[in-house]
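Note that ligands are numbered from 1 as they come in the structure, with each ligand's atoms numbered from 1 the same way. Positions are given from 1 along the sequence. Below, all heavy atoms of this structure are taken into account, side chains as well, without hydrogens, waters or symmetry copies.
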Amino acid sequence: MKSRNLIVILLAVLLLMSFVPGCRDNSTPNPDDLERHERTFFVMDTMVDVILWTAKDRSEVADIFSQVDDELQRLHAIFSAFEDDSDVAKISDAAGIEPVQVQPETLEVIQAALDYADMTDGKFDITLAPVLRLYTFGEDARVPTQQEIDEKLPLVDYSLVEVDMQAGTVFLPQPGMRLDLGGIAKGYVVDVATDMLRDLGVETGVVNAGGDISFVGPKYDGTPWRIGIKDPTRHRTHQFAVIELEGGAIVTSGDYERYVEQDGVRYHHIIDPADGQPARSCKSVTIVAPNAMLADLLSTAVFVMGPEAGMALVESLEGVEALIWDAQDQVHASSGLDWEDRR
Ligand code: ADP
Ligand code: MG
């Protein structure tokens, strides 16, 4: 009789334990303990939206957001091509004159950009700035003539960039050369924010800088994150795919993000360094990668490389997947990509 009582009590305790927070033996936090918090920051000409699910209280969360904000603003001041005293502007202004001492983060991003530039056959080129600056989008939109572009193209060559890790300097040897980190810096900044949140003990969350997305751990309820991918031909209203991820990063580059139409032709902001013209073989490239910097760089690079060469590069890289919508409206998925076709 006694032992039966004991068994009943044991069973009751076990049953209770499975509902009590903290008693679950897996690493997924109990969703009931987590509260959703959201904050938007403005950096790198983009809204960076951060959503957290955490058991921390309001004042802890406020403190975390303010630390993230400080760090994002610091990085913006280093990387922005439009702030006169950013590292990027200082390096560009000293082109042909002298090497410039920069922050470790600047060295890291530039070195990564140069390492991958080789793999992209030069299609990803951070010295494209003199050509990029000829295009303006928005209110005073303007498309340059081929003659204007041809005058600037000799200044575009990433292989000339001299990075001295020991001295902490970067040098552009030709006068008139300039840097633009627009195809990589946003991803880097997203990674920094994500790592910070993780280090500060946030259980789970998302950092989204206008489509450059990175995840702080698995989702709060243990199910995969689901990311909808815009149909580039109807980007305001339609998604053509859903990708499920447990973590890591996902970034999409599209020809619909920044462009100007002239004589029925769309001129957008992803440029082929070969001729200085907008890259024409893709409409949208989505990259899944372990971190957002790599995904950001590759989304731009693969867009320029085109579906064949771009997909070959993706297949050669560990932990990297791609979903490409090409100029003929064909969709290409890399071999390891788990995706739902919504067309
Ligand atoms: P977005 O910034 O709109 O998310 P991308 O990640 O594709 O889009 O980056 C586009 C930016 O990358 C451009 O605005 C420009 O600053 C830069 N860029 C454009 N073409 C190239 C290229 N071939 N190589 C390196 N950077 C580029
Ligand atoms: Mg990019």
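Cluster partners of I149 are L128, V131, L132, L134, Y135, F137, V143, L153, V156, V260, V265, Y267, I271, counting Ile, Leu, Val, Met, Phe, Trp and Tyr whose side-chain heavy atoms approach within less than 4.5 Å, directly or via other members.
Between D272 and K123, at least one side-chain N (NZ, or NE/NH1/NH2) sits under 4.0 Å from a carboxylate O, which counts as a salt bridge. Salt bridge E340/R342: present, at least one basic N to carboxylate O contact under 4.0 Å. Note on D341 versus R343: salt bridge recorded, some NZ/NE/NH1/NH2 to OD/OE distance being below 4.0 Å. Taking the charged nitrogens against the carboxylate oxygens, D231 and R234 do have a contact shorter than 4.0 Å, which makes a salt bridge. Remark: D93 engages R178 in a salt bridge, criterion side-chain N to carboxylate O under 4.0 Å.
Atoms of ligand 1 found under 4.0 Å from any heavy atom of L128 (numbered from 1 in listed order, with element): 20 (N), 21 (C), 22 (C), 23 (N). Every atom of ligand 1 with a heavy atom of I270 under 4.0 Å away is listed here by number and element: 7 (O), 19 (C), 20 (N). Those atoms of ligand 1 that come under 4.0 Å of a heavy atom in S253, given as number and element, are 5 (P), 6 (O), 7 (O). Atoms of ligand 1 found under 4.0 Å from any heavy atom of D296 (numbered from 1 in listed order, with element): 6 (O). Of all the atoms in ligand 1, the ones that sit under 4.0 Å from a non-hydrogen atom of G183 are 9 (O), 11 (C), 12 (O), 17 (C). Interface of R258 with ligand 1, defined as ligand atoms under 4.0 Å from a residue heavy atom, comprises 2 (O), 3 (O), 14 (O).
With a 6.0 Å radius and a threshold of 12 heavy atoms from other residues, nucleotides or ligands, Y158 has its OH atom above the threshold.
Cation-pi geometry between R266 and Y259 is met: the NZ or CZ atom falls under 6.0 Å from the ring centre, inside 45° of the normal.
Of the polar atoms of T300, at least one N or O is found under 3.5 Å from an N or O of ligand 1, judged by distance alone. Not a single N or O atom of V304, backbone or side chain, sits closer than 3.5 Å to an N or O atom of ligand 1. In terms of N/O distances under 3.5 Å, ligand 1 is approached by I271. Considering backbone and side-chain atoms together, S299 places no N or O closer than 3.5 Å to any N or O of ligand 1. Geometrically, ligand 1 and K123 share a nitrogen or oxygen pair separated by less than 3.5 Å. On a distance-only criterion, K186 and ligand 1 share at least one N/O pair closer than 3.5 Å.
When heavy-atom distances to ligand 1 are checked against a 4.0 Å cut-off, E257 comes that close only through its side chain, counted from C-beta outward. For D180, every heavy-atom contact with ligand 1 shorter than 4.0 Å involves the side chain, none the backbone. At a heavy-atom distance under 4.0 Å, only side-chain atoms of L132, from C-beta outward, approach ligand 1. Residue V251 does not touch ligand 1, judged by heavy-atom distances below 4.0 Å.
Applying the salt bridge (Lys or Arg N to Asp or Glu O under 4.0 Å) test to E38 and every residue at least two apart in sequence or in another chain returns R36.
The aromatic rings of W225 and Y220 lie perpendicular to each other, with more than 60° between the two planes, well past the 30° mark.
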